[in-house]
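Input: a single structure, listed below in structure tokens.
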Amino acid sequence: MRVAASTHPLKSALLSLLDEPIAIKSFNQIHALLLTSGFYKDSLVLAKFADLLALSTHPSSAYKVLRQIHHHPIPFVFNSLISGYARIKAPRSAFLLFKHLVGNGAPLDKHTIPAVLKSCTKFSGTGEARQLHGVAIKMGFLCDLYVQNTLVHVYGTCGGHVDAGDLFEEMPVRDVVSWTALISAYVKGGFFIRALELFALMDVEPNMATLVCVLVACGRLGNVNTGKGIHGLILKHEGEFGVVVGNALLDMYVKCECLDEARRIFEELPERDIVSWTSIISGLVQCKQPKDAIEMFHEMRASGLEPDKVTLSSVLSACASLGLLDSGKWVHEYIERRGIEWDVHIGTAMVDMYAKCGFLEMAMHTFEKMPHRNVSSWNALLGGLAINGCGKEALQHFDRMVRNGVNPNEVTFIAILSACSHSGLVEEGRHHFKSMTEIYNLAPRVEHYGCMINLLCRAGLIAEAHELVRSMSMKADVLIWGAMLSACKAHGNVELSQQILGHLLELDPSDSGVYVLLSNIYATSDRWGDVTRVRKLMREKGMKKEPGASVIDVNGKAHEFVVGESNHPKSDEICLVLYSLAKQAQLDGLLSCGLIIQ
DNA sequence: TTAGGGTTAG
């Protein structure tokens, strides 16, 4: 706080005191000092006091206190009280105070509206913003550019992009903030193309805030070309950019899956904060490089930065893809130890991690403990039940989800259909596949057909599966034809296999797996000549089957197993255990089929 | 210089 040299020493002392973070503890003394010294007549001193008042007093009482101190405080004093409530994140109080002020005919000015509006961004819906809009018109404050810009911003933040656009249209003068506020409103509403169109229409020079908004739109659209153009503009203006712009650029490249560019930006950042690290970590997770993501996380911690819940959500996703149960548990403990607040994202990531690591009990326990759940949380649970072979339970929880009023989305049906597929629930699968379009108005995507065809193929219903493939409005993918081919192999349908092979090779002529499957089908039918022919063809094409591999985490150490290799130091013991497990499974299978009577 | 508007990560 800088005070002019001519300021009265007591006044400077009072102002400094009011600026102290611990001033609230001496509130009563300051109150008394204000009255005895007579400085209550000074608007600046009174405004600072009003700001302090917001920390401890309800709006109507605060109003009374101020009125008792001074019969006619100027608007500045009340504005300071409103801003005080906004600063301590008490938007309801700020809004209540405003209504109280209007009701009591207190003097207000053009600064009052932006001060209250600042709090309105915390409300859901545009109700409060519209009320303030009305008051601003009535009081004649709407002609102020600051008031207009704040309103455009608040409408945009509360989901009122149409109101924001209408107001923007009516504005006689618009500056860079007006344009940025509207572009941001469209971005927040998910209208990314409209945001880019607006940017193109701008008749004032954009600044960094504008470009950051546009970068978000580019990232969400996966429009790397426009993103690169913005990158160029930033370099032209700034040369070296700050952390906010750098992070926005980094995230744009991450969302466009240009990891090399993203890494380059990350390396070149003059300063990296938690957002920079989280962006690159989540980018690596999205681009299926979870091992690198974990490595990056360790690097981040080594640099002295502690993760927050957003970083930890990404790390949990990496743990889920790698099956790193111990690392996932470490994240869980870290959250508890640090008292990090659980939200729907981290809760969902935790359920997903436990489920994908096979600790279904803990996944369900975590799900039940979540205070708030959204459709993604349910999807994580249903998907977890599905991959762990609990098809019937998945269907029961799906019914519970619908009963709780949560609307299923496309991802839910992937979980449900794969649950049916994993557990052989043909009739249920048919029913849910039909309900997708008939009840929930969701168009099946290629993945849904994939699950359904898998389900039918596993049940040996090859003709029905083939019929479904033919009914698809889009082209079947490798997975679908692969499922059909595997089913043909299991049921010795050589003719259809050959037909499918044609489709598969059309999709990916270099897929060695297709040739391997075909040669296996010929082998099952004792057509050894054909087997030799396919293998020769593979050799001629220089194809080598990519060996399958899996990773398991034991006590924090990753153990990798590659098909055909036995490099692991405990390979012999592992094979012995696997053999006995396979024997047991076979025996259990025979028992459950009734082929062995106990 | 007695206050007010727009920007980044799941």
Side-chain angles (χ1 to χ4, degrees), chain A residues 1-4 7 15 42-48 50-51 74-84 86-87 109-118 121 136 141 144-154 156-157 164 168 171 174-185 187-188 204 206-217 219 234 241-252 254-255 262 265-266 269 272-283 285-286 307-318 343-349 352 374 376:
Chain A
M1 167 82 209
R2 278 183 7 208
V3 179
T7 308
L15 287 173
D42 185 287
S43 298
L44 179 59
V45 174
L46 196 55
K48 291 258 181 207
D51 189 276
I74 60 167
F76 172 42
V77 175
F78 292 123
N79 296 345
S80 186
L81 183 61
I82 293 173
S83 304
R87 213 187 40 252
D109 64 7
K110 59 177 184 174
H111 295 291
T112 315
I113 304 286
V116 196
L117 276 169
K118 218 173 169 185
T121 54
F141 299 142
D144 185 83
L145 186 62
Y146 271 75
V147 173
Q148 295 164 355
N149 285 350
T150 315
L151 258 173
V152 172
H153 163 64
V154 174
T157 312
F168 181 87
M171 286 168 66
R174 300 157 187 150
D175 66 358
V176 63
V177 177
S178 329
W179 284 93
T180 308
L182 189 63
I183 291 173
S184 163
V187 171
K188 281 179 190 138
V204 288
N207 62 15
M208 284 304 136
T210 325
L211 298 180
V212 167
C213 285
V214 176
L215 281 173
V216 177
I234 290 167
F241 36 77
V243 69
V244 173
V245 177
N247 287 347
L249 260 176
L250 171 61
D251 192 56
M252 183 275 294
V254 161
K255 294 232 163 63
I265 298 283
F266 181 78
L269 280 177
R272 291 171 199 149
D273 64 4
I274 190 71
V275 178
S276 333
W277 284 98
T278 306
S279 287
I280 196 79
I281 290 171
S282 76
V285 173
Q286 272 167 47
D308 66 5
K309 54 185 172 185
V310 186
T311 328
L312 294 171
S313 299
S314 285
V315 172
L316 282 173
S317 297
D343 65 9
V344 68
H345 298 292
I346 202 150
T348 302
D352 187 52
N374 62 15
S376 303

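Per chain, numbering begins at 1; letters A, B, ... match sequence-line order. Treat the numbers as computed from the prediction; the structure is a model and nothing was measured. What's counted below: heavy atoms across the whole structure, side chains too, no hydrogens, waters or symmetry copies.
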Practice item. Find the distance between OG1 (A/Thr112) and CG (A/Asn79) and round it off to the nearest 0.5 Å. Key: 3.5 Å

Check your understanding: What is the distance, rounded to the nearest whole Å, between atom CG of A/Asp175 and atom P of B/dT7?
Key -> 14 Å

Check your understanding: For A/Thr311 and A/Thr278, does a side-chain donor sit closer than 3.5 Å to a side-chain acceptor?
Key -> yes

Review point. Between B/dT2, B/dA9, B/dA3, which nucleotide gets closest to the side-chain atoms of A/Leu44?
Key: B/dT2

Check your understanding: If you look at every strand shown and take non-hydrogen atoms under 4.0 Å, does A/Asn79 touch a base, only sugar-phosphate, or nothing?
Key -> base

**Study point:** Candidates B/dA9, B/dT7, B/dG4 - which lies nearest the side chain of A/Lys110
**Key:** B/dG4

Review point. Is A/His153 touching bases, backbone alone, or none of the nucleic acid, heavy atoms closer than 4.0 Å?
Key: sugar-phosphate

**Study point:** Side-chain N or O of A/Lys255 closer than 4.0 Å to phosphate OP1/OP2 of B/dG10
**Key:** yes

Review point. Which part of the nucleic acid, if any, lies within reach of A/Asp109 when heavy atoms closer than 4.0 Å are counted: base, sugar-phosphate only, or nothing?
Key: base

Exercise for review: Identify which nucleotide among B/dG4, B/dT7, B/dA9 has an atom closest to any side-chain atom of A/Val244, counting heavy atoms from C-beta outward.
Suggested key: B/dT7

Check your understanding: Are the side chain of A/Arg174 and the backbone N or O of A/Trp179 linked by a donor-acceptor pair below 3.5 Å?
Key -> no

Check your understanding: Reckon A/Lys188 has a side-chain N or O less than 4.0 Å from the OP1 or OP2 of B/dT8?
Key -> no

Point to revise | Integer-rounded Å distance: B/dT8 C1' and A/Arg272 CZ | key: 16 Å

**Study point:** A/Asp144 side chain, from C-beta outward: closest of B/dG4, B/dA9, B/dT7
**Key:** B/dG4

Revision key, fill the gap. Out of B/dT7, B/dA3, B/dA9, minimum distance to the side chain of A/Phe76 belongs to B/dA3

Exercise for review: State whether a side-chain donor-acceptor pair under 3.5 Å links A/Lys309 with A/Ser313.
Suggested key: no

Practice item. Please report, rounded to the nearest Å, how far the C1' atom of B/dG4 is from the CG atom of A/Leu81. Key: 16 Å

Practice item. Select base, sugar-phosphate, or nothing to describe what A/Ser313 touches, counting heavy atoms under 4.0 Å on all strands. Key: base

Exercise for review: For A/Phe241 and B/dT7, give me the distance from atom CZ to atom P, rounded to whole Å.
Suggested key: 20 Å

Review point. Out of B/dG10, B/dA9, B/dT7, which nucleotide sits closest to the side chain of A/Ala209?
Key: B/dT7

**Study point:** Sugar-phosphate only, base, or nothing, as touched by A/Lys118 at under 4.0 Å among non-hydrogen atoms
**Key:** sugar-phosphate

Review point. If you look at every strand shown and take non-hydrogen atoms under 4.0 Å, does A/Val152 touch a base, only sugar-phosphate, or nothing?
Key: nothing

Check your understanding: Separation of A/Leu182 atom CG from B/dT7 atom C1', in whole Å?
Key -> 15 Å

**Study point:** Atom pair distance, as rounded to whole Å: CD1 in A/Ile82 and C1' in B/dG4
**Key:** 11 Å

Check your understanding: Among A/Asp144, A/Val154, A/Val147, whose side chain to side chain contact (heavy atoms under 4.5 Å, CB included) with A/Pro114 holds?
Key -> A/Val147

**Study point:** Rounded distance [0.5 Å steps], CD in A/Gln286 versus OG in A/Ser314
**Key:** 8.0 Å

Exercise for review: Give the rounded distance in Å between these two atoms: NZ of A/Lys309 and C1' of B/dG10.
Suggested key: 11 Å

Study note, to complete from the structure: Separation of B/dT8 atom P from A/Asp251 atom CG, nearest Å, is 10 Å

Point to revise | Contact under 4.0 Å: A/Ser184 side-chain N or O vs B/dT7 OP1/OP2 | key: yes

Exercise for review: Using a 4.0 Å heavy-atom cut-off across all strands, classify A/Asp273 as base, sugar-phosphate, or nothing.
Suggested key: nothing

